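Model, not experiment: these values are computed from the prediction. Numbering of ligands and ligand atoms starts at 1, following listing order.
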Amino acid sequence: MSPGTAKPVPTRPARFTLDPSFTVGGVDPRLFGSFVEHLGRCVYTGIFEPDHPAADEAGIRTDVLELIRELGVTTIRYPGGNYVSGYKWEDSVGPVEDRPHRLDLAWRSTETNRFGLSEYIAFLKKIGPQATPMMAINLGTRGVAEALELQEYANHPQGTALSDLRRAHGDKDPFGIRLWCLGNEMDGHWQTGHKTAAEYGRIAAETARAMRQIDPSVELVACGSSAQWLPTFAEWEATVLQETYDLVDYISLHAYYEPHDGDIDSFLASAVDMESVIDTVVATCDHVGARLKSKKKINLSFDEWNVCYGLDLTGAENSDSQDWPQAPRVLENSYSVLDAVVVGSLLIALTRHADRVRVACLAQLVNAIAPIMTEPGGPAWRQTTFFPFAQASKYGRGQVLDVRVDSPTYETQKHGEVDLLHATAVRAEDGSVTVFAVNRSRARSLPLHVTLNGLGLTSVVGHSALADADPDARNTLTDHDRVTPRQVSGTTLGDGTLSAVLEPLSWNVIRLA
Ligand code: AHR
């Protein structure tokens, strides 16, 4: 049922109260992470295209670099994804002319290894100090020994075979990779080297223990479930954590959303699902912790999330081709205003759980299910989903305030009765507050009243909205700027109350000082 059509939408305002005494927790900057996988054109002709007119001396597209900086991504997960389960790190280092071409089983492509580990670290440095590495290791076709070799090559200063090899390859300084993912989606039947929870728990524990022997201070992410719809969801986490609880810091979550059977109303409520997955995984972690009588808390790394159309995990997109193409066009989703509103709502969901979700990665960064698109030899541009991410990363740093909304609701097939308003608020160090809000109604504007207690806020700095008369509007190769956020007038702050009107189907950022 569509709000405002079959069932009239109530016009009463949505409300909530903000009070500095009621907080959720501080935002880890890594909540605004992203993901670069050797998938399609994410790397090749995405971030790396030596022949492009905007490429620097290392082949990195500087036009894309500028957009990445503007997007405000922090940690960047690499090199996969499904790709990592066949990854041989040693193929991706050393003289480029010596690097082998390999079959990539995950995406049925040919990997040239022209861009590898050293290039990834150099790329992060070019983005700036906010961009930190998050390296996944292959626990699909490989194991403890190769993980240790990679760690030694990457992080040991010098004086051993592999650290000296790195130096001989031209990287004198260690890469300093602190955050490591112990494999990827090992519960998925599509994963090369897919394992049962007991098998994976065992290899994850062995790998974690050995990696900590090299460096006890590394941060480690164990693989959680790939999706909530898998029959092993939650049981997988419990079994894996039983083996790894004292050895890892995070458990991973992945979620991709798209409308099913044209059910836009349920799609708009995707964050209801995301919040419930987070709550379930937190409960599972704490249950295992209680069982083990541990005081330690395992936090969450939501290291793949996005709106995504047509994700075929069998690599079938290319499966009738026997030619194993290099960097084919795969998963090049074009995002609408509707998609951007859902992405905004997913960002709100992550922020609302910032106390336990410490790391999150928008999957992915360029071309493949990405906020940034490029054309080989041509321009780079921002998709609609670029804007909510960039604004959340810019203004969503600080203490998350507890937001309990009183909102009109609508009915959804998948999630039952859902609030039309989805919101969170973050208080920055300087005392300013940003409210992030989504109006899920496709038909009606939603008046919003926020009571501000003890925050010392006196003015509205700005109210930006992403909305459009055409929810299917998008930015394209020929029209890069069809959709951009714009300033909304009429938002006021008086007598301790913020009053605003949220347009139908809109993402809103209201800044208060
Ligand atoms: O992001 C695309 C793919 O989705 C990743 O490779 C995999 O981990 C997930 O299933």
Report, one line per pair, each donor and acceptor closer than 3.5 Å where one atom sits in a side chain of residues 380-390; sequence neighbours left out.
residue, atom, partner, partner atom, Å
Arg382, NE, Glu70, OE2, 2.8
Arg382, NH2, Glu70, OE1, 2.9
Arg382, NH2, Glu70, OE2, 3.4
Gln383, OE1, Tyr335, N, 2.8
Gln383, NE2, Asn333, O, 2.7
Gln383, NE2, Ala370, O, 3.1
Thr384, OG1, Tyr335, O, 3.1
Thr384, OG1, Ser336, O, 2.8

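Residues forming a salt bridge (Lys or Arg N to Asp or Glu O under 4.0 Å) with Arg69 (at least two apart in sequence, or on another chain): none. In this structure, Thr424 has no side chain to side chain donor-acceptor pair (under 3.5 Å) partners at least two apart in sequence or on a different chain.
A salt bridge is defined here as a Lys NZ or Arg NE, NH1 or NH2 lying under 4.0 Å from an Asp or Glu carboxylate O, and Asp249 with Arg358 fails to meet this definition. Between Asp472 and Arg474 there is a salt bridge, with a side-chain nitrogen of the basic residue lying less than 4.0 Å from a carboxylate oxygen of the acidic one.
Taking a 6.0 Å sphere around CZ of Arg202, one finds it holds 12 or fewer heavy atoms contributed by other residues, nucleotides or ligands.
At a heavy-atom cutoff of 4.0 Å, ligand 1 is surrounded by Phe35, Glu37, Leu39, Gly81, Asn82, Trp107, Asn184, Glu185, Tyr256, Glu304, Leu311, Leu313, Gln364, Ile369.
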